[in-house]
Amino acid sequence: MSEIESSPDGAKGAVNRRRILWAAGLGAGLAGVGAGRVRAAEPDPNIVPVPEWSKTLGAGVNANPYGKPSPFEKDVVRREVTWLTASSESSVSFTPLYALDGPITPNGLCFVRHHGGEAVIPPDKYRLMIHGMVDKPLVFTLEDVKRMPGRVNRAYFLECAANSGMEWRGAQLNGCQFTHGMIHNVYYTGVPLRSFLEAAGVKPKGKWVLAEGADAAGMTRSIPLEKAMDDCLVAFGMNGEALRPEQGYPVRLVVPGWEGNMWVKWLRRIKVGDEPWGQREETSKYTDLLANGEARRHTFVMDAKSVVTNPSPQAPLLHKGPNVLSGIAWSGRGTIKRVDVSLDGGRNWTTARIEGPATPMAMTRFYLDFDWNGQELMVQSRAMDDTGYVQPTKAALRKIRGVNSIYHNNGIQTWLVRGNGETENVEVG
Ligand SMILES: Nc1nc2c(c(=O)[nH]1)N[C@H]1C(S)=C(S)[C@@H](COP(=O)(O)O)O[C@H]1N2
Ligand SMILES: [Mo]
C-alpha cells in the first residue's frame, strides 16, 4: 500500500514531492460526479458458510472494563514524525484523520502537543488561581470549578497554528495525518471563563488575561479580555468523560476558533492585566516573518480550511466505480457554509454534501459520492464560512505571506490519485 505503512514516521522519501503543472496529466474524461451502482457478490448460501466465530462463545461483557477499539483497528493510532523535533517531551503526535469519520475525534486519537511533557495532577491537589487586576483574588479547587453555575457543552475544533506548517515551501509530508493532523474536535464540558472573572471582579483597567499551565513548560499566553469574557471555557470534560491527561487533566482552557497554543492545558492561573505580557509563545513563536522582514503577530484566529481525508496518501482508492470521497472543514470565524471539491486540480468544482452538525468553530464533515474509472485525479477541497471567506490557494497565500512562515497555512491541499489508486501529496503550479 502506501509508503506510510513501511515507514512509521511517514515523511522520509516524501520530501521533494513532484510538482505537478496545472495541465499535466489531465486528459479528457474526468470522473463523472454522482453515484453509480455498487455491485455486491451474488447471494449463494453455499459460498457463505457459518463462520468460525459463530461456533464458540465469545468474551464476556466486562472483558475490557474500559473498552478498547477492535484489535483489527490497531493501526489507527497517533503518529510522530521523529525527525521534526529533538525530544518527545516537546513535540507533537498527529491525529490519524485518514482513518476517522464523522465530525467528532475520539478522545484516544486527539493529537497531542506538549512543550514540557505531560503534567500529572492529582485532582484533589488541583488549584486554579484568578488574580492580578481584580477586586478579590480567588483560588478554586476542582470541586469548586465543577460547582460553578452555568455549565455548558460545546463542540469546538482545536487546531495548532503550525498545522500544515511543514508545507509552506512545497508538498512534503505524505499523508493527511501529517499535513493536517494537528487538529481535533471534541465536545467540551465546562464553565464560561467569564464566570470566574466576574466572581473575582475585573478592575476597569483590566484589558488582557494571562493563562498559565502547571506543566514543566509553564506555558503562558496573553488573551484579550474581550475574548476571555466572550466564549472561552474552563473545561474539565471531553466527549462525556474527564479530560485525558495529555489534553490537560483535570482542567484546560478552551479558546474557540483561536490557535491551539492559547488553549492552555493543566490550567493553573489566570492573571488580569492592562497589556499583553509578551511571552515566548507570542513573540519568538507564533509570529510569522513576512518577505519584507516584518512579522505578523497576535494572529489569533484560525481561518477557514479543509482537507480531503479519503482518498489521501494513507487511504488510497481501492475500487473502480462508485466511491465516497470524504473530508473535514472548519473555520475560526464562524460556521462552515459550503465545501467545494475538485477532482481535476481546481479547474472544475462540485459542491460537497455537508453531513452532520455544522456549528460555529467546530469541525464539519463533508462527502462527495463519485465514480472512478481509473484515471488520474487531482483532488482538492475548498471551504467557505458564513463570513463569506473562501479558503485560498497555496499560491495566493504565498503571495501575501512569502515562504518564511510556519504558522497559519490554510491553503488548498492537492492529492494526486494515480491510475492504480495510490495517492500522493503534490501541488498544482
Ligand atoms: N500547559 C500547556 N498548554 C498547552 C501546551 C503545552 O505545551 N503546555 N501546548 C499548546 C499547543 S502549542 C497546542 S497546539 C495545544 C494542543 O492541545 P492538545 O495537546 O490537546 O492537542 O495545547 C496548547 N496548550
Ligand atoms: Mo500548537
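Both counts, for ligands and for their atoms, begin at 1 and track the order of listing.
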Requested in this report: Might you confirm whether atom CZ of Arg353 has over 12 heavy atoms from other residues, nucleotides or ligands at distances under 6.0 Å?
Outcome: yes

Are side-chain N/O atoms of Glu275 and Trp208 paired as donor and acceptor at under 3.5 Å? no

Give a yes-or-no answer on whether the side chains of Tyr126 and Asp144 include a donor-acceptor pair shorter than 3.5 Å. no

Nearest-contact summary for [atom] - protein heavy atom, Å:
| atom | result |
| --- | --- |
| atom 3 (N) of ligand 1 | Lys265 N, 2.9 Å |
| atom 2 (C) of ligand 1 | Asp215 OD2, 3.4 Å |
| atom 23 (C) of ligand 1 | Gly260 O, 3.3 Å |
| atom 22 (O) of ligand 1 | Arg252 NH2, 3.3 Å |
| atom 16 (C) of ligand 1 | Arg113 CB, 3.7 Å |
| atom 24 (N) of ligand 1 | Trp263 O, 3.1 Å |
| atom 5 (C) of ligand 1 | Met219 SD, 3.3 Å |

Carboxylate-amine/guanidinium contact [X] [Y], below 4.0 Å:
| X | Y | answer |
| --- | --- | --- |
| Glu427 | Arg398 | yes |
| Asp135 | Lys203 | yes |
| Asp340 | Arg382 | yes |

dist Lys271:NZ -> Glu212:CD (nearest 0.5 Å) comes out at 9.5 Å

d(Glu282 CD, Glu259 CD) to nearest 0.5 Å is 9.5 Å

Do the ring centers of His408 and Trp168 come within less than 6.0 Å of each other? no

Atoms of ligand 1, numbered as shown, that sit under 4.0 Å from any heavy atom of [X]:
| X | result |
| --- | --- |
| Val264 | 3 (N), 24 (N) |
| Leu158 | 17 (O) |
| Gly213 | 1 (N) |

Closest heavy-atom pair, Val308 versus Ser312, reported as atoms and distance to 0.1 Å, is O-CB, 4.0 Å

Trp372 and Val417 have their tightest heavy-atom pair at CZ2-CG1, 4.2 Å

Could you tell me whether [X] and ligand 1 have an N or O pair separated by under 3.5 Å?
| X | value |
| --- | --- |
| Tyr286 | no |
| His114 | no |
| Trp266 | no |
| Ala214 | no |

Answer with side chain, backbone, both or neither: which part of [X] has a heavy atom less than 4.0 angstrom from an atom of ligand 1?
| X | value |
| --- | --- |
| Phe111 | both |
| Cys160 | both |
| Glu246 | backbone |

*Answer with yes or no whether Glu281 contacts ligand 1, where contact means a heavy atom under 4.0 Å from a ligand atom.*
no

Inset, instruction - Could you tell me whether ligand 1 has any atom less than 4.0 Å away from a heavy atom of Phe94? - result: no

Parallel, tilted or perpendicular for Phe94 and Phe178, by the 30°/60° rule?
perpendicular

